[in-house]
**Q** 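Structure provided below as structure tokens; questions to follow.
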Amino acid sequence: MASQSPRRRELLAQIGVNYETLRVDVPEERQPGESPADYVTRLAADKARAGGELLLSSGKELAPVLGADTVVVLGDQVLEKPVDAEAGKAMLLQLANREHQVMTAVSFYTPCYKQDYKPDRQQTMLSVTKVQFRDITAAEAERYWATGEPQDKAGGYGIQGLGAVFVTAIEGSYTGVVGLPIEQTYELLTRFGVPCWQASKE
Ligand SMILES: Cc1cn([C@H]2C[C@H](O)[C@@H](COP(=O)(O)OP(=O)(O)OP(=O)(O)O)O2)c(=O)[nH]c1=O
């Protein structure tokens, strides 16, 4: 997995995947005119491909590589990780009393083809979830920032943590909001022949 996100590691482990992590450095910069969906999809794909290339040059055993990216979308605005306290508090207040979308793209890239499966070299899927926040006071935003939780999270909140207190409704994928949509990840793991927990249909 080409990710340093502890949430993504936990979610992948949750469905029984054995994995190693790869450290990749992909610049997160939205191109002019690029839609939020195209942007998050491109970043997930770039992270997976960079991980695949790193694996190839490392001489380690080859395996499909997962990359993912999460952004919060408010209208046409893309909210990533807050750069400082002011940005973090302002972001939270912007989300208050409104609905936003959380987009997470997950991408698999395989640096090799094994004999028993032949997916395209790279496949990417997008999860879009609507999240409604209640009203939030400036004092609450201040206190929430001081907990340290918002700093490394897109949109400046964590639904899996204290940030849950702001959420009044969610429509879509909870795991997608946390950073790795299990439904799409499971689908791609299966397509790429990666061993994981298998649901029996009988
Ligand atoms: C909205 C939301 C985001 N997040 C997190 C998921 C992602 O880790 C992070 C968005 O940043 P990303 O840039 O998607 O990922 P990352 O930098 O944490 O990890 P990497 O690029 O190495 O894979 O925000 C939550 O944990 N909870 C939430 O409710």
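One-based numbering, in listed order, for ligands and for the atoms of each. These numbers were taken from a predicted model, which means no experiment stands behind them.
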**Q** Given Leu43, Val177, Leu22, which has its nearest heavy atom closest to atom 3 (C) of ligand 1?
**A**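 Residue with the shortest heavy-atom distance to the ligand atom: Val177.
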
**Q** What residue and heavy atom of the protein are closest to atom 22 (O) of ligand 1, and at what distance?
**A**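 Checked against all protein heavy atoms, atom 22 (O) of ligand 1 sits closest to Gln4 N, 2.7 Å.
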
**Q** Which atoms form the tightest heavy-atom contact between Pro111 and Arg121, and what is the distance?
**A**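 Nearest pair, atom of Pro111 first, then Arg121: O-NH2, 3.7 Å.
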
**Q** Do the side chains of Arg30 and Asp76 get close enough for a salt bridge, i.e. N-O under 4.0 angstrom?
**A**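 Yes, Arg30 and Asp76 are salt-bridged.
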
**Q** Out of Leu189, Leu188, Thr21, Leu180, which one pairs with Leu66 under the side-chain contact (heavy atoms from CB on, under 4.5 Å) rule?
**A**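 Among Leu189, Leu188, Thr21, Leu180, the one meeting side-chain contact (heavy atoms from CB on, under 4.5 Å) with Leu66 is Leu180.
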
**Q** When you measure from atom 1 (C) of ligand 1 to every protein heavy atom, which one gives the shortest distance, and what is it?
**A**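 Checked against all protein heavy atoms, atom 1 (C) of ligand 1 sits closest to Ala154 O, 3.4 Å.
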
**Q** With only distance considered, is Ala2 within less than 3.5 Å of ligand 1 through an N or O on each side?
**A**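 Between Ala2 and ligand 1 (N or O atoms, distance only) the closest approach is not under 3.5 Å.
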
**Q** With sequence neighbours excluded, tell me which residues meet salt bridge (Lys or Arg N to Asp or Glu O under 4.0 Å) with Lys60.
**A**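 Glu20.
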
**Q** In the protein, what heavy atom is nearest to atom 6 (C) of ligand 1, and what distance, to one decimal place, separates them?
**A**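 Result for atom 6 (C) of ligand 1: Val178 O, 3.3 Å.
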
**Q** Please determine whether a side-chain nitrogen of the Lys or Arg among Arg42 and Asp46 lies less than 4.0 Å from a carboxylate oxygen of the Asp or Glu.
**A**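 Yes.
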
**Q** So, the side chain of Glu149 versus the backbone of Leu162: is there a donor-acceptor pair under 3.5 Å, distance only?
**A**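 Judged by distance alone, yes, a pair lies under 3.5 Å.
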
**Q** Among Val102, Val26, Asp152, which one has a heavy atom closest to atom 9 (C) of ligand 1?
**A**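 Looking at heavy atoms only, the winner is Asp152.
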
**Q** What part of Gln160, side chain, backbone, both or neither, has a heavy atom within less than 4.0 angstrom of ligand 1?
**A**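 Side chain only.
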
**Q** How are the rings of Phe133 and His100 set to each other: parallel, tilted or perpendicular (split at 30° and 60°)?
**A**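 Aromatic pair Phe133/His100 classed perpendicular.
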
**Q** Looking only at distance, does Ile159 have an N or O less than 3.5 Å from an N or O of ligand 1?
**A**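 Ile159 vs ligand 1: N/O contact under 3.5 Å present.
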
**Q** Which ligand 1 atoms are under 4.0 Å away from a heavy-atom of Glu28?
**A**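 Those qualifying, in numeric order: 13 (O).
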
**Q** Does Arg23 come within less than 4.0 Å of ligand 1, judged by its heavy atoms?
**A**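 Checking ligand 1 against Arg23, which is what was asked, there is no heavy-atom contact under 4.0 Å.
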
**Q** If the contact criterion is a heavy-atom separation under 4.0 Å, does Lys47 count as touching ligand 1?
**A**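 For ligand 1, residue contact (heavy atoms, under 4.0 Å) with Lys47 is present.
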
**Q** Using a strict 4.0 Å cut-off to heavy atoms of Gly158, name the atoms of ligand 1 that fall inside it.
**A**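 Here the atoms of ligand 1 in question are 27 (N), 28 (C), 29 (O).
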
**Q** In terms of hydrophobic clustering (I, L, V, M, F, W, Y; side-chain heavy atoms under 4.5 Å; direct or indirect links), are Leu79 and Trp145 co-clustered?
**A**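 No: no chain of side-chain contacts under 4.5 Å links Leu79 to Trp145.
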
**Q** If you measure from atom 18 (O) of ligand 1 to every heavy atom of Gln151, Lys81, Met1, which option wins on shortest distance?
**A**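 Minimum heavy-atom distance to atom 18 (O) of ligand 1 goes to Lys81.
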
**Q** Sequence neighbours excluded, which residues qualify as salt bridge (Lys or Arg N to Asp or Glu O under 4.0 Å) partners of Lys81?
**A**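 Listed in chain order: nothing, the list is empty.
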
**Q** Taking 4.0 angstrom as the limit and counting only heavy atoms of Ser5, give me the atoms of ligand 1 inside it, by number and element.
**A**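 Heavy-atom distances to Ser5 below 4.0 Å select 8 (O), 18 (O), 19 (O), 22 (O).
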
**Q** Quick one, Gln122 with Ser107, criterion side chain to side chain donor-acceptor pair (under 3.5 Å). Give me CA distance, side-chain angles, the key distance, then yes/no.
**A** CA-CA 7 Å; Gln122 182 154 30; Ser107 184; 2.9 Å; yes

**Q** Can you confirm, on distance only, whether ligand 1 has an N/O atom lying under 3.5 Å from any N/O atom belonging to Lys153?
**A**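 No, Lys153 has no N/O under 3.5 Å of an N/O on ligand 1.
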
**Q** With heavy atoms only and a cut-off of under 4.0 Å, state how Arg7 meets ligand 1: side chain, backbone, both or neither.
**A**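 Near ligand 1, Arg7 shows its side chain, while the N, CA, C and O stay back.
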
**Q** Tell me, which protein residue and heavy-atom name are nearest atom 7 (C) of ligand 1, and how many Å apart are they?
**A**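 For atom 7 (C) of ligand 1, the nearest protein heavy atom is Arg8 NH2, 3.7 Å.
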
**Q** Phe192 and Tyr109: same hydrophobic cluster, using ILVMFWY side-chain contacts below 4.5 Å?
**A**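 No, separate clusters.
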
**Q** As an exercise, identify every atom of ligand 1 less than 4.0 angstrom from a heavy atom of Asp69.
**A**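 With Asp69 as reference, the close atoms of ligand 1 come out as 12 (P), 13 (O), 14 (O).
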
